[in-house]
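Here the structure comes first, spelled out in structure tokens, and everything after it is commentary.
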Protein chains: 2
Amino acid sequence: MAYFSGLWAKNINALSWVKTNSTTASGQSGQIGFSSLWAYGITMAGLLLLLKWLEWRFVIIDHSIAIYIGLIALFFTFFGIWVAKQLLEVKTQTIVVEKEIYVPVTPEFVLNEIELKKLNLTSREWDVLQLITQGKSNTEIASDLYLSTSTIKTHVSNILSKLEVKSRAQVMEKAKRLKITP
Amino acid sequence: MAYFSGLWAKNINALSWVKTNSTTASGQSGQIGFSSLWAYGITMAGLLLLLKWLEWRFVIIDHSIAIYIGLIALFFTFFGIWVAKQLLEVKTQTIVVEKEIYVPVTPEFVLNEIELKKLNLTSREWDVLQLITQGKSNTEIASDLYLSTSTIKTHVSNILSKLEVKSRAQVMEKAKRLKITP
DNA sequence: ACGAAAATGGTACTTAAGTATGAATGTATC
DNA sequence: GATACATTCATACTTAAGTACCATTTTCGT
């Protein structure tokens, strides 16, 4: 029984050494637990052999029951370690890292329909407005729509009135600002 | 020694029960390992007491050594579990999930300096051009820059020439297209 | 300091833009 | 069918835009 106490004390020392070792070596990921366990086991076994071999003959008969208990202790220690490994499941921690991605937003044009409806333009006025924003002259617009310049002038005049501006240049500026044209 | 074998078999059963329990209850995060360990310990102790109490008197003398060994086994099993907990650091498997966040790219205007230089505009012409793209009339531009309309007309005419267009409306359109104006 | 380019301004002119008004025709909506 | 609105076109006019040509002054690089 005296030897068993000694073995206990040695085990604690061996344990603390193994633990220190595993902490410092924690850089290499993965199998730390297993290799440390082996180191621990081998160290323990080595100590046991070392201690016992020195006084083997004196002990082998007198303290056979103590050795037996020691082996039982050793076995169940490993058994406990095995049990712990089964019980302690690997915790999976999911960390969601929000990563800002600057999407190359295509200079997509979304027509501001709210503002467009406020203007209360007729469909023909809308046609003319779009051609105006393309920098076209009255003559060109008339040509595009197969109309006379007189008609275009009328439409343009109405557009200016509805947009509350005084020139086609201001129409272009305001149409851009209100996002009713690309 | 016969009892020890029985105890072993019971342990296995108890273990498997505990493991199943811990798996199903894995929803609640944290202390699963510990509570399961306690459940396991209590179950084992309970079984031990139950089995032994039934034949206590018959056994207490004959098999005192077996009980002693059983206790040793129990203790070192827990010791092994404790050791394993020290050695096996809780592996936290970190899964980094990148979540795309679409940053609302402000409709930022980047001046197309390459195209701008090609135009070979003078600084004053550039001033006038910017005011043109704001939809301002020659009179307004003259007023803004403290110049006569004659000067503005000269600048505008030069701008039209350099941009190879025929009206201020086309200037606005082309300036937008070349991204030399917001 | 000199020359080239830039900046400013003027006059005269042409052309396009924009206004005002009216009218004919088409098209829904009740 | 009457009404309201949209569409088309025309005439006459005013105003702004744009051109052409010239002149003066300022700025800047070598």
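Every chain is numbered from 1 and lettered A, B, ... according to where its sequence line falls, protein lines coming before strand lines.
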Spacing of [X] atom [atom1] and [Y] atom [atom2] [to the nearest 0.5 Å]:
| X | Y | atom1 | atom2 | result |
| --- | --- | --- | --- | --- |
| A:Leu129 | A:Ile141 | CG | CD1 | 9.0 Å |
| B:Arg168 | A:Arg168 | CZ | CZ | 12.0 Å |
| A:Thr122 | A:Ile159 | OG1 | CD1 | 7.5 Å |
| B:Ser167 | B:Met172 | OG | CE | 10.0 Å |
| A:Gln130 | A:Leu121 | CD | CG | 10.0 Å |

Are the side chains of [Y] and [X] in contact, using a 4.5 Å heavy-atom criterion?
| X | Y | value |
| --- | --- | --- |
| A:Ile180 | A:Leu119 | yes |
| B:Arg124 | B:Leu145 | yes |
| A:Leu131 | A:Ile152 | no |

Can you list, in residue-number order, the parts of residues 147-154 of chain B that come under 4.0 Å of DNA chain C, counting heavy atoms only? B:Leu147, B:Ser148, B:Ser150, B:Thr151, B:Thr154
Note: contacts of residues 120-129 of chain A with DNA chain C (heavy atom, under 4.0 Å) are none
Could you point out which residue of A:Val156, A:Asp127, A:Thr181, A:Leu160 forms a side chain to side chain contact (heavy atoms under 4.5 Å, CB included) with A:Ile132? A:Val156
Taking CD1 from B:Ile141 and P from C:dT8, how many angstroms apart are they, rounded to a whole number? 13 Å
Just how far, in rounded Å, is P of C:dT8 from CG of B:Leu145? 8 Å
Could you check whether the rings of A:Phe75 and A:Phe79 sit parallel, tilted or perpendicular, using 30° and 60° as the cut-offs? parallel
With 3.5 Å as the limit, what N/O pairs link the protein to nucleotides 25-30 of chain C?
none

Please answer whether the main-chain N or O of B:Val165 pairs with a side-chain N or O of B:Lys174 as donor and acceptor at a distance below 3.5 Å. no
Any side-chain to backbone donor/acceptor pair from B:Lys153 onto B:Asn138? Under 3.5 Å, distance only. no
Side chains of A:Thr154 and A:Ser157: donor-acceptor distance under 3.5 Å anywhere? no
Partners passing salt bridge (Lys or Arg N to Asp or Glu O under 4.0 Å) against A:Lys166 (at least two apart in sequence or in another chain): none
What is the first contacted nucleotide of DNA chain D and what is the last, in 5' to 3' order, if contact means an atom lying under 4.0 angstrom from a heavy atom of chain A? D:dA6 to D:dT11
Does B:His155 place a side-chain N or O at less than 4.0 Å from the phosphate oxygens OP1/OP2 of C:dA7? no
Apply salt bridge (Lys or Arg N to Asp or Glu O under 4.0 Å) to residues B:Glu115 and B:Lys118 and explain how you reach the verdict. CA-CA 5 Å; B:Glu115 286 295 334; B:Lys118 282 186 192 169; 3.3 Å; yes
If you fit an axis to the five pairs at each end of the helix from C:dA1-D:dT30 to C:dC30-D:dG1, how big is the angle between those two axes, to 10 degrees? 60°
